[in-house]
Amino acid sequence: MTDAVRTGYDPHEIEPRWQQWWSDQRLFEAREDATAPPFYALHMFPYPSGDLHMGHVEAFSLADAVARYQRLQGYEVMNPIGWDSFGLNAENAAIRRGIDPKQWTYDNIETQAATMQRLGLAWDWSRRLHTSDPEYYRWTQWIFLQLYEAGWAYRADSEVNWCPSCQTVLANEQVHDGACEYCDTEVTKKPLTQWFLKITDFAERLLDDMRHLEDTWPQRVLALQRNWIGRSEGANVTFRIAAPSQDAEQGEEVVVYTTRPDTLYGATFFVVAPEHPQARAWAQAGGAVEAFDAFRERVRRKSDVEREAAGGDKDGVPLGVEAVNPVNGERLPVYAADYVLMGYGTGAIMAVPAHDQRDLDFARAHDLPVRVVVAPEDAQAPDPATMTEAAAGEGTTVNSGPYDGLPWPETKDRITRDLAARGLGEFAVNYRLRDWLVSRQRFWGCPIPIIHCERCGQVPVPEEELPVELPDPSEVAFTPGGESPLAEHEGFTSVDCPRCEGPAQRETDTMDTFVDSSWYFLRYCSPDRDDVAFDPEAVRRWMPVDQYTGGIEHAILHLLYARFFTKALHDLGHVDFVEPFTRLKSQGMVLKDGAAMSKSKGNLVEPKEVVSEFGADTLRTTMLFAGPIEDDVDWSDVSPAGTFRWLSRLTRLVDAHVAAGEDDAGTDDARASLRRATHQAIAGVGGDVAAFKYNTAIAKLMELSNAVGAAQRDGVAGAPVREALEAAAVMLSPIAPHVAEELWHRLGHEQSVAVQRWPEHDPALLVTDIVTVPVQVDGKVRGEIEVAVEAAEDEALAAARDVANVARHLEGRALAKTIWVPGRMLNLVTKPG
RNA sequence: GCCGGAGUGGUGGAACGGCAGACACGGCGAGCUUAAACCUCGCUGCCCCUCGGGGCGUGCGGGUUCGAGUCCCGCCUCCGGCACCA
């Protein structure tokens with residue numbers, strides 16, 4: 001209250017008052033029957049771990065500004081809120097501190113919801129959802145079954161990522177630098193039977209459809225996704241594996257994938273992954289089984305980080321068999337080596353040491369021959385005997401029989417076609433993207449709606465029996481054991497087979513929480529429907545999302561999965577669009593002293609503390625003013641105190657205007673100048689806000705308030721001041737909604753500022769008759785002239801010659817050329833004379 | 001290695017190819033005050049100056065242009081992603 005006395009601006013009084021008023025009027029509930037065109041403003045919904053942090057505040061300040069701005073543009077805006085409320089943290093709290101994960105989750109949701117209310121976020125609370133509610137996850141299960149029926153959900157044995165600390169498997173996307181994304185523990189590999197979703201079936205389309213997003217998504221996000229999908233073009237080539245004494249024709253066929261079929265003549269050996277299913281059999285055939293087993297044991301002891309680090313030690317053993325090169329019948333020694341990965345391509349490669357660094361390293365370590373088959377264009381051909389750097393560059397094919405002399409891309413094409421003609425090869429595309437592993441050995445997640453029956457095998461839970469509900473947490477023992485706690489719950493697992501009615505077992509794994517969040521934007525369209533996942537009519541009205549906002553950290557995982565789900569649902573006929581998010585804006589992270597804020601680092605700045613000192617408007621405005629929204633913002637660099645001062649100043653300007661009354665005063669010039677400032681601001685702020693340039697939009701609003709202050713000092717009063725302040729209030733309302741609402745009402749309005757229209761500028765007011773134009777002599781500014789806007793070049797030149805400093809620089813020199821950019825610039829180019 | 005992005009005052013950051021540093025933060029000075037805080041006003045890229053002005057300045061080196069932070073070429077540094085992916 002002391003602040004208020006001093007400044008006339010008391011957010012602690014204003015903010016709760018308007019929040020109540022908005023809520024009473026249900027101002028922000030999206031109506032289905034509205035005549036205004038719909039606008040779907042969506043932000044990435046939060047995970048309920050404790051209270052909101054500064055990152056949330058920035059994200060929500062952006063999301064809310066977008067929604068409120070579009071409402072001022074005349075749209076019927078849907079700006080919903082919900083919680084991504086399944087997940088590991090809740091269960092870890094249960095394991096470590098004996099807390100009920102459900103209780104923990106819903107308590108946190110209430111805490112966050114209260115903080116959101118205090119921030120004045122214009123959410124449509126009537127559409128609120130939680131992914132951990134049975135009413136929601138029933139439909140997550142339904143979608144899973146849709147995918148299952150389509151053959152896009154399957155169970156398979158696989159070497160999976162295993163976090164020994166979280167005691168669960170992880171998706172590839174959840175492993176960073178070999179460590180678990182949640183607890184940083186080193187991830188190990190474990191052979192397990194797991195559920196996968198066939199995202200690889202959509203790889204091509206996930207890549208191709210990005211062209212629809214080219215202008216509306218951040219380039220950075222598109223690049224990250226392209227990288228992740230990792231498309232490469234090459235050829236599948238069939239080799240035969242034979243014992244030395246065996247005829248080539250007798251050998252077993254094995255396919256390799258290569259991006260460089262043009263280098264087939266440069267292959268000098270052949271490598272398979274240690275896990276290759278045939279490796280041991282070949283070692284047996286080649287009499288090398290002992291060496292192979294010893295090698296496998298060495299590999300097993302290595303950590304994955306060691307194994308997958310680039311430039312590793314190139315361990316490997318010969319298997320004693322030979323691979324027959326289909327282009328020339330050459331017999332190449334076959335090795336097993338751990339630099340070849342089972343998970344990419346076919347787990348077998350042809351090794352071309354002259355043109356691949358990894359192969360060259362291996363060749364040098366094992367004394368294998370090197371043969372150059374591509375001669376570089378302008379450099380000297382490398383010496384195969386001594387080279388240590390593979391020649392990966394372009395050039396002409398050599399040492400390759402009939403293909404000699406061709407440029408390498410053409411060789412690539414020709415060799416592949418010739419192989420294809422002989423049935424020994426084909427053009428092939430490979431992706432780095434793997435299928436999405438979605439099962440988790442966890443309690444607090446959406447149960448996978450499958451029943452295992454000894455007689456019938458995998459049986460989907462019938463739709464009418466959904467949801468498969470989680471048992472009450474009080475009936476479950478939360479001990480880390482590498483198996484879902486559900487497996488210990490007899491009442492959950494034992495079930496009659498829906499098909500044969502015999503005894504059967506429920507699947508006890510639950511789904512990755514990214515499944516929950518891959519379709520929530522559809523549920524928001526009709527959250528109360530209990531007979532369908534989403535109402536087709538409502539989805540047609542709101543989807544695709546007009547503007548999605550959220551953190552860059554979800555550039556790959558969530559956004560890729562959501563795109564995948566949308567395409568799958570499209571193919572199944574449930575939605576009629578293929579991309580869920582028309583426009584995307586990512587905001588940066590909030591740091592403190594250059595590091596991410598975290599409890600463990602002790603550098604946490606709590607939103608609540610800032611709100612209790614300065615209010616929600618100040619916090620929100622500070623976040624948006626800090627810099628470009630997509631950049632990281634360091635809390636040490638921003639000044640809520642400065643923002644607070646500005647909002648106080650603005651309040652005083654309004655109060656001063658109200659006190660002065662509506663009678664016009666001030667000189668014509670001063671009044672015209674204020675009006676110009678107002679309309680300049682309207683023109684500028686509108687463009688900036690539409691382009692997410694909130695930092696400059698706020699700067700322009702500050703300029704406008706500075707102009708009002710100056711005008712008031714100059715004795716201006718009445719209409720021009722009112723016009724400026726009203727425009728400022730409306731334009732400020734998406735950013736600092738409470739103070740904007742307060743000022744709007746102090747200016748005498750009854751209706752909410754939130755339902756006004758964005759002001760329009762009058763272009764006529766922006767033009768001035770007389771402009772100040774800089775005058776350059778030889779490119780350097782030497783003075784300025786005041787001329788009529790439409791002044792001709794000779795008038796400008798005459799005026800420039802009258803400027804003493806300009807005249808001085810022209811002295812003794814002849815005018816060679818005059819550049820006159822009307823109203824902007826006069827440049828006089830001279831030559832000695 | 002491959003793919004993105006960025007280098008501008010003490011700081012965060014602005015700048016359709018046209019007066020670099022908008023708007024802030026911080027700093028300095030003045031007013032108000034018994035005093036301080038608050039508030040208001042002024043100054044604030046660096047260097048020189050006879051106070052008129054002059055020189056330099058957007059990571060580095062070239063180029064295009066009357067004119068380049070901005071466009072082109074070649075580097076350097078930093079950040080992010082991918083990576084024994086054949």
Side-chain angles (χ1 to χ4, degrees), chain A residues 2-3 5-8 176 218-230 232 234 256-260 263 271 273 307-314 337-341 343-352 355-359 361-362 389-390 392 430-434 552 555-556 622 625-628 630-634 636-643 645-646 648-649 652 684 693 695-703 705-706 709-710 713 772-784 804-805 808 816-821 823-830:
Chain A
T2 46
D3 277 349
V5 170
R6 288 199 301 262
T7 66
H176 294 296
Q219 281 304 316
R220 186 171 165 205
V221 173
L222 297 175
L224 291 176
Q225 293 211 356
R226 269 192 205 100
N227 249 335
W228 188 259
I229 296 169
S232 76
V256 303
Y257 171 74
T258 176
T259 54
R260 296 294 305 271
T263 61
V271 191
R307 257 199 81 174
E308 285 171 15
D313 62 6
K314 299 293 180 293
D338 68 341
Y339 80 94
V340 173
L341 309 174
Y344 185 80
T346 62
I349 62 156
M350 64 169 198
V352 185
H355 304 290
D356 182 287
Q357 191 60 46
R358 297 153 298 175
D359 295 345
D361 292 344
F362 190 84
E389 303 234 330
N430 231 308
Y431 297 93
R432 208 193 68 93
L433 183 71
R434 308 291 153 82
I552 189 75
I556 299 174
T622 300
F625 184 55
E630 59 271 21
D631 291 359
D632 290 349
V633 44
D634 198 313
S636 318
D637 295 327
V638 305
S639 170
T643 311
R645 277 202 294 272
W646 174 56
S648 306
R649 210 151 48 229
R652 283 194 298 274
K693 291 158 88 174
N695 56 332
T696 54
I698 293 166
K700 281 166 186 154
L701 290 172
M702 288 172 169
E703 279 183 271
S705 67
N706 289 344
R713 271 197 303 286
T772 306
V773 173
V775 179
Q776 298 183 340
V777 177
D778 293 322
K780 286 188 190 300
V781 178
R782 297 303 181 183
E784 48 190 32
N805 198 41
R808 210 167 41 138
K817 196 175 176 183
T818 307
I819 316 298
W820 169 234
V821 186
R824 297 203 63 98
M825 167 71 59
L826 178 65
N827 191 6
L828 307 175
V829 186
T830 69

(message) If I take atom CH2 in residue Trp820(A) and atom C1' in nucleotide rG18(B), what distance separates them, rounded to the nearest angstrom?
(response) 12 Å
(message) I'd like to know if Arg220(A) reaches the base of rC3(B) with its side chain such that a donor and an acceptor end up less than 3.5 angstrom apart.
(response) no
(request) Pick base, sugar-phosphate or nothing for Leu224(A), based on heavy-atom distances below 4.0 Å to the nucleic acid. (result) sugar-phosphate
(request) Among the candidates rC66(B), rG18(B), rC23(B), find the nucleotide nearest to the side-chain atoms of Met825(A). (result) rG18(B)
(message) Using a 4.0 Å heavy-atom cut-off, does Val340(A) contact any base of the nucleic acid, only the sugar-phosphate backbone, or nothing at all?
(response) base
(request) Answer yes or no: side-chain N or O of Asn227(A) and base N or O of rC82(B) forming a donor-acceptor pair under 3.5 Å. (result) no
(request) Mark yes or no for whether Glu389(A), through its side chain, and Gln357(A), through its backbone, hold a donor-acceptor pair below 3.5 Å. (result) no
(request) Ignoring hydrogens and angles, answer whether the base of rC23(B) and the side-chain atoms of Lys700(A) contain a donor-acceptor pair closer than 3.5 Å. (result) no
(message) For rG9(B), does the O4'-C1'-N9-C4 or O4'-C1'-N1-C2 angle fall within 90° of 0, making it syn, or is it anti?
(response) syn
(message) What's Asn706(A) touching, base or sugar-phosphate or nothing? Going by heavy atoms closer than 4.0 Å.
(response) sugar-phosphate
(message) Please name the nucleotide paired to rU33(B) by Watson-Crick or G-U wobble geometry with both distances under 3.5 Å, or report none.
(response) none
(request) With heavy atoms under 4.0 Å as the rule, sort Gln219(A) into base, sugar-phosphate or nothing. (result) nothing
(request) Give Gly345(A) one of three labels, base, sugar-phosphate or nothing, depending on what nucleic acid heavy atoms sit under 4.0 Å from its own. (result) nothing
(message) Using the side-chain heavy atoms of Arg432(A), tell me which of these nucleotides is nearest: rC19(B), rC82(B), rA86(B).
(response) rC82(B)
(request) State which of rU40(B), rC23(B), rC84(B) makes the closest approach to the side chain of Arg652(A). (result) rU40(B)
(request) May I ask you to say what Arg226(A) touches in the nucleic acid, namely base, sugar-phosphate or nothing, with a heavy-atom cut-off under 4.0 Å? (result) nothing
For nucleotides 52-56 of chain B, tabulate all protein N/O to nucleotide N/O atom pairs closer than 3.5 Å, reporting atom names and distance.
residue : atom : partner   : partner atom : Å
rG53(B) : O3'  : Arg808(A) : NH2          : 3.4
rG54(B) : OP1  : Arg782(A) : NH1          : 3.0
rG54(B) : OP1  : Asn805(A) : ND2          : 3.3
rG54(B) : OP1  : His809(A) : NE2          : 3.3
rG55(B) : OP1  : Arg782(A) : NH2          : 3.3
rG55(B) : OP2  : Arg782(A) : NH1          : 3.1

(request) May I ask which nucleotide in the shown strands pairs with rU77(B), Watson-Crick or G-U wobble, both distances under 3.5 Å? (result) rA6(B)
Scan nucleotides 62-65 of chain B against the protein and return all N/O pairs shorter than 3.5 Å with their distances rounded to 0.1 Å.
none

(message) Would Lys314(A) pass as a cation-pi partner of Tyr339(A), given that its NZ or CZ must be under 6.0 Å from the six-membered ring centre and within 45 degrees of the axis?
(response) yes
(message) Just to be sure I understand the rule, does Gln357(A) reach a base, reach only the sugar-phosphate, or reach nothing, if contact means heavy atoms closer than 4.0 Å?
(response) nothing
Taking N or O atoms only and anything under 3.5 Å, show me the protein contacts with nucleotides 9-15 of chain B, one pair per line.
residue : atom : partner   : partner atom : Å
rU11(B) : O2'  : Asp637(A) : OD1          : 3.4
rG12(B) : O2'  : Ala626(A) : O            : 2.6
rG13(B) : O3'  : Asn695(A) : ND2          : 3.3
rA14(B) : OP1  : Asn695(A) : ND2          : 3.2
rA15(B) : OP1  : Lys693(A) : NZ           : 3.3

(message) Please classify the nucleic acid contact of Thr643(A) as base, sugar-phosphate, or nothing, using heavy-atom distances under 4.0 Å.
(response) nothing
(request) Verify side-chain hydrogen bond (donor to acceptor under 3.5 Å, both in side chains) between Asn430(A) and Ser232(A), making sure each step is shown before the conclusion. (result) CA-CA 5 Å; Asn430(A) 231 308; Ser232(A) 76; 5.6 Å; no
